[in-house]
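Letters A, B, ... mirror the listed sequences (proteins, then strands); counts begin at 1.
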Amino acid sequence: MSASNGDYFLPDPSPWPLVASVGLFTLAGGFVMLVNEVNMAPWVMLAGGLIIAFMMFGWFGIVVLESEAGKYNAHVDVSFRMGMLWFIFSEVMFFGGFFGALFYLRNLSIPWLAETDILWMGYEGGWPTAGPMGAELIAADTPISSPSQFSTIGAWGIPVWNTLILLSSSVTVTIAHWELKKNNRLGLIVWLAITVLLGFLFLYLQGFEYAHAYADLGLTLGTGVYGATFFMLTGFHGFHVTIGAIILLVILIRCIRGHFKPDHHFGFEAAAWYWHFVDTVWVGLFIFVYVV
Amino acid sequence: MSAAHTEAHDHHDHRPSGIMRWLTTTNHKDIGTMYLIFSLTMFFVGGIMALAIRAELFQPGLQVVNPELFNSLTTLHALIMIFGAIMPGFVGFANWLIPMMIGAPDMALPRMNNWSFWILPFAFALLLGSLFTVGGGPASGWTLYAPLSVQGGAGVDMTILSIHMMGISSVLGAINIIVTIMNMRAPGMNLMKMPLFVWTWLITAFLLIAAMPVLAGAVTMLLTDRHFGTAFFDPAGGGDPVLFQHIFWFFGHPEVYILILPAFGIISQIVPTFSRKPLFGYDSMVFATAGIAFLSFIVWAHHMFTVGMPLAGELFFMYATMLIAVPTGVKVFNWVATMWRGSITLETPMLFALAVVFLFTIGGLSGLMLAIVPADFQYHDTYFVVAHFHYVLFSGSIMAMMGATYYWLPKWTGRMYSEGLGKTHFWLTTIFFNVTFFPQHFLGLAGMPRRIPDYSVQFTEFNIISSIGAFGLGLAQLLFVYIIIQAVRGKNEKATAQVWEGADGLEWTVDSPPPYHTFETPPTVK
């Protein structure tokens with residue numbers, strides 16, 4: 001077998017990348033159908049999602065088996081570390097695009113529109129805004145009669161609690177890492193479980209906040225650029241927290257099954273790095289979306 | 001690296017036969033080959049669209065395609081050539097060459113390498129499928145400017161999703177290349193000993209990881225504006241269509257260096273070989289490449305001088321853009337200085353390299369003209385811009401890849417190509433390229449707008465010349481395919497391991513063709 005060429009592990013041919021492509025294509029095609037109101041769209045998307053889930057079990061399963069079989073030496077480990085760091089960098093740039101849109105709209109284009117009457121007569125500008133007439137900020141329980149009537153979510157309610165929850169979870173995942181390095185399995189499992197719980201608690205509170213925004217505050221995805229930037233930034237962040245929490249959950253299950261060694265646990269560290277990344281993005285969101 | 005040693009390892013290769021070999025492969029050479037074949041295929045698909053455009057523009061009036069289809073053809077021609085032909089082409093060269101050049105057994109993450117490739121055929125099936133939807137393909141130009149791209153039917157959604165897939169492919173491929181270069185070099189192969197092709201790809205891969213996610217964000221905003229009620233690009237909700245242009249070009253300008261830096265690397269390999277001299281100013285080449293990459297992130301708004309930016313913005317982006325001429329000039333100077341007093345022979349790869357140095361410089365100089373704000377107000381969205389970017393992309397990127405194909409084909413196939421046919425292909429390509437695109441400078445300066453299927457009668461003569469050139473250019477590429485097939489089928493004379501007398505580098509120390517796994521035991525580099 002070409003299982004181990006020289007000192008660097010080279011995998012045998014694998015069907016999983018192709019399965020992944022088929023799944024991605026099916027999911028993307030289903031999504032196009034969904035937004036164009038084709039009846040069978042949910043079923044196509046479901047099929048795509050199932051293919052991708054099947055691929056993940058297959059592909060990641062092989063990786064876990066290879067890792068536990070000791071095929072990944074220090075040289076391979078460095079490749080994984082670099083790969084993960086550059087992947088996180090690509091995610092940073094993705095969020096950078098949305099932050100850039102927020103800064104541009106808020107600090108440049110809306111003031112420009114308001115400054116002159118050449119482009120739009122009587123444009124009021126300001127922030128938050130849902131359009132030419134600005135926002136009519138209303139109290140939480142007022143009936144909403146126009147799209148420009150909405151209120152924003154204060155920073156010092158749920159958002160500040162969510163900030164504390166995510167920051168704490170970054171601390172707990174680090175403590176879990178220390179316990180793993182000390183080979184204290186019980187400590188590892190307890191602290192990691194706490195991290196996962198904090199992650200899902202964050203998601204629950206975020207969902208609660210979204211429901212509140214839609215039901216009571218008149219704040220939706222369609223509430224002008226304020227609603228668009230608010231929901232797209234926090235929504236993509238929430239999506240990444242969901243992924244991160246699922247990853248940590250899988251890592252927790254692996255820890256319970258006895259995977260990872262004090263000196264060989266890249267999978268754990270990659271999950272922790274990802275978790276620190278979503279945490280850092282949240283701090284940026286808290287400052288620029290909620291506080292400022 | 002002795003031949004006997006590498007052959008001994010060949011017996012270890014277990015790989016499925018037939019189609020399954022290609023579907024499941026984790027080998028950098030197999031994956032590189034698939035990338036290159038895919039690139040060539042897309043080159044012809046995009047080329048046929050270009051010929052439909054030139055057929056329509058052969059004379060004034062509307063005769064061949066309707067305006068809606070014309071708009072789709074210009075849009076798809078660009079998307080296919082950029083994302084389907086040039087980028088996968090360079091990734092194909094990277095796959096084949098980087099492990100061999102740095103003395104690695106394979107790419108660092110071989111399964112992910114396979115996935116990077118196999119996303120592409122599906123992504124392009126989605127993109128090309130858009131032509132068959134109600135409402136047709138995307139018709140906004142490849143730049144997908146809002147609000148044009150907020151209109152349109154399911155074809156635009158398919159384009160957006162296919163761009164997401166291409167982005168995943170590119171980012172994964174780029175991560176693999178960076179990790180391979182940083183972690184898989186043979187002992188002694190320190191960074192400043194790497195062949196320049198490896199250096200340019202290292203920096204290109206960084207640009208890809210930094211730029212592609214921003215494009216993903218831009219098209220995501222487009223998608224939510226289209227279907228989920230957001231108002232990013234709609235002033236009625238406080239948005240701004242110019243926001244799209246800023247985000248798009250923040251991706252778009254690094255993108256154009258993604259399309260040209262590997263070509264610079266290729267020229268920096270070919271010119272020293274046929275000048276029989278080491279590359280002049282290796283260190284300055286590396287720093288110039290890094291300098292171009294840095295500048296690529298602070299010049300994006302020169303694509304949108306006419307949208308009504310503050311004067312300070314126009315001046316900043318103008319001067320920053322002109323700065324790019326400095327590192328680019330360093331490169332051109334170094335290539336010429338490498339040839340200076342060299343013992344030059346003009347085999348086909350060298351002919352292509354010389355043409356690239358000369359013709360790319362023309363494209364670079366017209367780029368400088370476009371960088372001047374008041375002049376750009378005149379040139380913006382005219383055929384002058386079309387001429388400019390075809391001089392950098394066709395006679396830069398594409399012709400560099402053709403030269404590279406002739407240069408490394410004997411190494412890959414173990415057979416020489418036909419030198420006479422190669423030279424014929426070179427001259428046909430170079431002459432018809434100039435016949436096609438040089439007159440477009442004049443058309444643009446005279447005010448002919450781009451992306452319009454009809455034109456005023458005074459533009460007729462130059463358009464006729466341009467269309468004749470385009471068909472010649474297209475036909476000449478059939479010869480290219482014939483030459484490649486001839487070499488692959490093994491009809492020509494055998495190639496030696498060295499292939500070229502003046503060639504230097506690890507890839508020339510292994511057999512032609514190289515064994516399936518090249519450096520299982522890393523070579524030591526002095």
Side-chain angles (χ1 to χ4, degrees), chain A residues 1-2 5-6 8 10-18 20-22 24-25 28-29 31-32 35-36 59 75 78-80 82-83 86-87 89-98 100-101 104-105 109-110 113 119-120 123 129-132 220-229 231-232, chain B residues 12-16 21 23-26 105-106 108-111 114-115 118-119 122 125-126 153-154 157-158 161 164-165 168 171 175 178-179 182-184 209-210 212-214 216-218 221 224 226-232 235-240 242-243 246-247 250 517 520-522:
Chain A
M1 292 315 281
S2 60
N5 292 274
Y8 196 88
L10 294 177
D12 285 326
S14 166
W16 296 112
L18 185 71
S21 297
V22 172
L24 193 62
F25 178 72
F31 188 76
V32 171
V35 293
N36 287 285
W59 191 340
H75 196 186
V78 172
S79 288
F80 290 162
M82 287 180 170
W86 285 106
F87 171 68
F89 174 64
S90 79
E91 294 268 48
V92 169
M93 293 305 294
F94 180 78
F95 277 98
F98 284 92
Y104 176 85
L105 290 164
S109 72
I110 290 172
L113 267 171
L119 294 169
W120 192 308
Y123 207 102
T129 182
T220 70
L221 200 54
T223 310
V225 279
Y226 183 84
T229 50
F231 280 106
M232 290 298 275
Chain B
H12 297 282
D13 295 329
H14 284 252
R15 59 182 190 223
R21 167 181 170 187
L23 293 177
T24 64
T25 183
T26 47
D106 205 301
L109 305 161
R111 274 186 292 240
N114 176 305
W115 195 32
W118 274 108
I119 290 172
F122 291 96
L126 200 58
D157 301 316
M158 292 167 83
L161 268 292
H164 276 301
M165 291 174 73
I168 295 170
V171 169
I175 289 173
I178 292 191
V179 175
M182 297 312 289
N183 193 37
M184 304 289 282
I209 300 175
M212 293 305 288
V214 178
M221 290 179 215
T224 58
R226 285 169 58 79
H227 294 292
F228 298 96
T230 60
F232 285 106
D240 182 3
V242 177
L243 170 63
H246 278 293
I247 306 175
F250 184 85
H517 293 288
E520 290 175 314
T521 314

Looking at [X] and [Y], what are the two nearest heavy atoms and their distance?
X: B:Ile209; Y: A:Met93; result: O-CG, 4.1 Å
X: B:His517; Y: A:Leu10; result: ND1-CD1, 4.1 Å
X: B:Asp240; Y: A:Ser109; result: OD2-CB, 3.2 Å
X: B:Gly239; Y: A:Leu113; result: O-CD1, 4.2 Å
X: B:Phe228; Y: A:Leu221; result: O-CD2, 3.6 Å
X: B:Leu161; Y: A:Ala28; result: CD1-CB, 3.7 Å

Quick one: [atom1] on [X] to [atom2] on [Y], what's the gap to the nearest 0.5 Å?
X: B:Asn183; Y: A:Met82; atom1: CG; atom2: CE; result: 5.0 Å
X: B:Thr230; Y: A:Phe231; atom1: OG1; atom2: CZ; result: 12.0 Å
X: B:Ile168; Y: A:Leu24; atom1: CD1; atom2: CG; result: 4.5 Å
X: B:Arg111; Y: A:Trp16; atom1: CZ; atom2: CH2; result: 11.5 Å

Contact part of [X] toward chain A, heavy-atom cut-off under 4.5 Å: side chain, backbone, both or neither?
X: B:Leu243; result: both
X: B:Pro522; result: neither
X: B:His164; result: neither
X: B:Leu126; result: both

Turns out that what part of A:Phe98 lies under 4.5 Å from chain B's heavy atoms comes down to both

Answer with side chain, backbone, both or neither: which region of A:Thr229 has an atom nearer than 4.5 Å to a non-hydrogen atom of chain B?
both

Given side chain to side chain contact (heavy atoms under 4.5 Å, CB included), test A:Leu18 with B:Phe122 step by step and report yes or no.
CA-CA 10 Å; A:Leu18 185 71; B:Phe122 291 96; 4.2 Å; yes

Pick from [options] with the largest number of heavy-atom pairs that fall under 4.5 Å of chain A:
options: B:Ala231, B:Ala218, B:Gly153; result: B:Ala231
options: B:Thr26, B:Leu23, B:Thr24; result: B:Thr24
options: B:Pro110, B:Ala210, B:Ala125, B:Ala216; result: B:Ala210

Quick one: does any side-chain atom of A:Tyr8 pair with a main-chain N or O of B:Met184 as donor and acceptor, under 3.5 Å?
no

Which one of A:Tyr226, A:Phe95, A:Phe94 has the most heavy-atom pairs closer than 4.5 Å to chain B?
A:Phe94

Can you tell me which of A:Gly97, A:Gly83, A:Pro15, A:Ser90 forms the most heavy-atom pairs within a distance under 4.5 Å of chain B?
A:Ser90

Please walk me through it: do A:Tyr104 and B:Val242 pass side chain to side chain contact (heavy atoms under 4.5 Å, CB included)?
CA-CA 10 Å; A:Tyr104 176 85; B:Val242 177; 3.7 Å; yes

Does the pair A:Phe80 and B:Leu109 meet the rule for a side chain to side chain contact (heavy atoms under 4.5 Å, CB included), with working shown?
CA-CA 8 Å; A:Phe80 290 162; B:Leu109 305 161; 3.7 Å; yes

